[in-house]
Amino acid sequence: MTLVGSAGDVDLVGRDDDLVVLRAFVDRAGRAGGTLLLVGEPGVGKTALLGAASGYAEAARTRFLAVSGTQFEAAHSFSALHQALHPLVEDLGGLSATHRRALDVALGIRAGSPPSLLMIANATLALLERVAATAPVLLMVDDLHWLDRASALALAIVARRMPARVGLLAAYRSGEESFFDRAGLPVHEIRPLDDRAATTLVVQRFPALVPRVRRRLLDAAQGNPLALLELPLALTDRQKSGLGSLPEVLPLNRRLQAAFESRVSGLPAPTRRLLLLAALDGTGRLSTLTAGDAGLAALAPAERAGLVHVDEGAGSLAFHHPLTRSAVVDLSTVDERMRAHADLAERLADRPERAAWHLAQATVGTNEAVARRLEDAAYAIRSRGDAAGSVTALLRAADLSPVGADRSRRLAEAAYLGAVVTGDLRDVPRLLADARLGERERNRPLVSAVAAAHHLLLSGEGDIDTAHRLLAGAIEMQPAPYDGGNPTLVEAFYTLGWVCYFGGRAELWQPFHAALARLAPGVPELLALLAGTFDDPARTAAALLGRIDTAIAGLAAEADAVWSIRVGLSAMFVDRLTFCRTALSEILGDDRGAAVTLSLHARSLLGLDQLMTGEWEDLLPLAEEHVALCRTHDYRLLECVGLYLLAMVAAARGERDTVKQLTDRMTMWATPRRAGLVLRIAAQAKLMAALGRGEFEEAYRQATTIAPVGELAAHVPHALWVIMDVVEAAVRTGRIAEAAAHVSAARACGVAGVSARLAMTVDAAAALIATEEQAPALFDSALAVAGGERWPFERARIALAYGERLRRGKATTRARDQLTAALDTFNRLGARPWAARAAAELRATGLTVDRLPPAGSAALTPQQREIAELAAAGLTNKQIGERLFLSPRTIGTHLYQIFPKLGITSRAALRDALADTD
């Protein structure tokens, strides 16, 4: 047995193996970066091991930053992140303007629009990487489970992206819930000491204990180092010597708590009061707790008892263990705690948010003045990007409000933030119901209407018409002209436009445009862009292109995730999503946190761009996770967007059963809710599948489901995505007049000037109806469009159609060139039916073709193959997900796609199907 290090004045006994792991991690992180989590029961020695690791890091010339989560600091947004980065404040000046602004706002250094969590995480990573350029950095987090929500969510993103020479070493209690997402991160379990090490530790620290008493303590402590060190302190001298009887055997946690309480209760009253202030404050700042030397003197008994450590130079107080803090609070009375909170509110007058929170904790019953202060604090918290913290403060403010309009307004604001910003729809109906108790129906706050509309639209209810009626009515009740500077009113317009878009009917858009015309002094820029591209982009988008491009160019300097999403939405129908990818990607990563709605919107936009640009292998896992997240949060409308992305890839790849299953789910949900957009995108997937199979009459039927053939219908923005599809279906079924009318409509609207993709498809559609003499020039024009290669699948379809026309015209050599290019692209994308069509045309030119995309198990991606093999071995979706760090729903989605590829319909057939194709 060796003594291998120390933390404070406690030797680390029996921790040789753990310290080897920690030292190896510090060395490795100092070179390549990385994250390691320590987990163990309370008192097992995690804090002591962190102390040993910091000593080793310091000796290795590694700079370490210490963060400690506190139970009573968890309500204060970004408090832990501030604790971690405060020593690096002088280095903020070296960051980019975007990253510096994000950290300045999050840490309360300056005011500004709230940055996204991913932006804050990226800024933190940039700061750590900058500091690590001069020396390795080790960020150590104790009591990870007690971090405030905002810090935990940001650090969870940081943990997965550690740069070289930066390590994150964090400890948390077994079984504790946390806002920090630990999934997939390396974990080292700190286990209780074995009997030999436990005996050595007790003998060293308490040599006077008689063997019988020592044995009882060892049995009770069960190897927990904190219990081994603390329980003897609760014994009298007679008990230690064996002359007095020992306490009855109690569960370990109760013994530990009793030990702490006995040590705290023996302290003088002034000391206990200061400790209570420190426990409730959570910052450890001596300036908040004491008044000069007299206050410091009152802390001396706690220092001598080993309960706290006071660093006068740093002006801080730290509890030696979190259970000390718990014991201090548990020993206090309700009256003592309320007086302490009131005292802290006075002492923190220069920090209004914290003062308001403490004042609220010191208040019994209702108090409008305190509620107003806490509401102001909630808005300040929201401005730093912590919407969830703002909701918590608003709900507490509502509790303090007398029944009436103010209470209703605060509940409605909490519902509004929950629905619009955090995306947590679960409590919205209850909050709105409570809010209505103090409202008159005709004077319902606009925020209530927006929150309710979000819930109705996005949730399983999906009630388009009710959401529209609610919002249009609430807007109409506002005094005219409508105030364009009122953020809630502007949000109501955004939400109403969203409702109209998903409804996809002229009668929904008419009240929107009528109300929009009454906004003064004018329509906000992004609202104007969305209104011009979501309703009738074929006729209105061209005039907005310069403004859309300007908004996209400004994304690099914008930290607001909502702004980025809305710019992405305005780019969607004008084929500029690719240029929004960086900003949209930064919004990902908070799938389990407060901004899940924004993350889902970002996923759908990124997925749509990947669909258009042929990045289907990247799209599939993104869309699958999107669907799984929507299921988890009951976002049935947004789930349909994810199903659409999956269905479009399946359609292009000829997975007929998968297309049917996915589109059936979409149409069954959307039909009774009159969600026209969902019905149209489901029809688009079925249109694509029918074209690939050569079932052109079915394709034409689906085309007419989307919009009338022969016109680019208003209020159907998706008509821009299917111009060539509609024309091909019409031509192949002999409806030449309808096809020609459709091309003329596209030409008349000038959509070819909107984007390279539209220019390419309009020329190709025109070529399909052109004479033999005119067609080649039109096809050549389509394939020569600058930037057309960004849309490989559509370009390959044009080459296929061109090759077919050339072969029929006996231009065999030129036909082979086009058909070969098309076949290569279809093979690369795995678009089997289209590859089969191209191959058949090539054979008709006299070539032998054997290059078709694989079928059977060869068609599976590596991840799909692994999932199939595990399922064939009898593992459940949950077991497979645990192995691969995926959700069971994602595993189910993969199997949903695997079955048609293998030509089977159940798990029972997996083993044979895999064996047959090996």
Side-chain angles (χ1 to χ4, degrees), residues 532-533 536-545 548 571-578 608-609 611-614 680 684 687-688 691 696 699-700 703-704 706-714 716-733 735-806 818 821-822 825:
T533 55
D536 191 11
R539 294 165 184 82
T540 57
L544 299 173
L545 292 178
I548 293 171
M572 184 166 61
F573 290 113
V574 295
D575 297 317
R576 283 157 168 78
L577 269 178
T578 298
L608 178 60
D609 195 43
L611 174 67
M612 296 281 206
T613 56
R680 290 187 179 110
Q684 184 189 354
L687 166 60
M688 175 62 65
L691 286 173
F696 299 113
Y700 187 82
T704 59
I706 298 171
V709 177
E711 62 176 295
L712 292 188
V716 186
H718 292 83
L720 294 181
W721 290 352
V722 294
I723 291 173
M724 185 176 172
D725 305 31
V726 171
V727 171
E728 181 176 7
V731 168
R732 297 278 189 167
T733 56
R735 296 175 172 94
I736 305 303
E738 289 88 339
H742 208 77
V743 173
S744 296
R747 295 281 198 206
C749 290
V751 298
V754 171
S755 73
R757 184 191 67 82
L758 285 167
M760 185 171 66
T761 54
V762 169
D763 277 347
L768 290 174
I769 61 167
T771 64
E772 295 298 327
E773 294 77 18
Q774 296 171 328
L778 288 167
F779 276 122
D780 286 335
S781 175
L783 293 173
V785 168
E789 63 279 356
R790 281 176 50 206
W791 297 278
F793 182 64
E794 288 190 79
R795 202 166 190 274
R797 286 182 56 197
I798 295 170
L800 171 60
Y802 192 9
E804 290 172 336
R805 178 68 71 94
L806 289 169
Q818 296 299 332
T825 299

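In what follows, residues are counted from 1 in the order of the sequence shown. Remember, it's a predicted structure, so these values are computed and weren't measured experimentally.
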Open item on the list: I'd like to check Val754 versus Pro537 (side-chain heavy atoms, cut-off strictly below 4.5 Å). Are they in contact?
Closed with: no
- [ ] Please name all residues satisfying salt bridge (charged side-chain N to carboxylate O under 4.0 Å, His left out) with Arg797, sequence neighbours left out, ordered by chain then number.
- [x] Asp725, Glu728
- [ ] Can you see which heavy atom on Thr540 is nearest to which on Gly532, and at what distance?
- [x] OG1-O, 2.5 Å
Task: Minimal non-hydrogen separation, Leu687 against Ala699, with atom names - done: CD1-O, 3.1 Å
Task: Heavy-atom closest contact (Gly753 atom, Leu545 atom, distance) - done: O-CD1, 3.7 Å
- [ ] Search all heavy atoms of Ala796 against all heavy atoms of Ala822 and return the closest pair with its distance.
- [x] O-CB, 3.4 Å
- [ ] With the side chain counted from C-beta on, respond yes when Leu712 and Ile723 share a heavy-atom pair under 4.5 Å apart, and no when they do not.
- [x] yes
Open item on the list: Using every non-hydrogen atom in the two residues, find where Val716 and Ala707 come nearest and quote the distance to one decimal.
Closed with: CG1-CB, 4.1 Å
Task: Test salt bridge (charged side-chain N to carboxylate O under 4.0 Å, His left out) applied to Arg757 - qualifying residues, sequence neighbours left out - done: Asp575, Glu794
Listing, residues 778-786 side-chain donor-acceptor contacts under 3.5 Å, not counting sequence neighbours, or none:
residue, atom, partner, partner atom, Å
Asp780, OD1, Tyr802, OH, 2.9
Asp780, OD2, Tyr802, OH, 3.3
Ser781, OG, Asp763, OD2, 2.7

Open item on the list: For the backbone of Leu691 and the side chain of Arg732, can you confirm whether one donor and one acceptor N or O come within less than 3.5 Å of each other?
Closed with: no
Task: Beyond-backbone contact of Gln818 with Leu806, side-chain heavy atoms, under 4.5 angstrom - done: yes
- [ ] Tell me, with the steps shown, if Ile769 and His742 meet side chain to side chain contact (heavy atoms under 4.5 Å, CB included).
- [x] CA-CA 10 Å; Ile769 61 167; His742 208 77; over 6 Å; no
Open item on the list: Within this structure, what is the CG-CZ distance for the pair Leu608 and Phe573, rounded to the nearest 0.5 Å?
Closed with: 8.0 Å
TODO: Could you pull out all residues at least two apart from Arg790 that satisfy salt bridge (charged side-chain N to carboxylate O under 4.0 Å, His left out)?
DONE: none
Task: Cys749 SG to Asp536 CG distance, which is reported to the nearest 0.5 Å - done: 7.5 Å
Task: salt bridge (charged side-chain N to carboxylate O under 4.0 Å, His left out) involving Glu773 - partner list, sequence neighbours excluded - done: none
- [ ] Return each pair, listed once, that meets ring pair (Phe, Tyr, Trp, His ring centres under 6.0 Å) where at least one residue sits in residues 780-800; pairs must be two or more places apart or across chains.
- [x] Trp616-Phe793, Phe793-Phe826, Phe793-Trp834
Open item on the list: Any non-hydrogen side-chain atom of Trp721 less than 4.5 Å from a side-chain atom of Met572?
Closed with: yes
TODO: Report yes if some heavy atom in the side chain of Met724 is under 4.5 Å from a heavy atom in the side chain of Ile798; otherwise report no.
DONE: yes
Task: Smallest separation among heavy atoms of Arg576 and Ser755, with atom names - done: NH1-CB, 4.4 Å
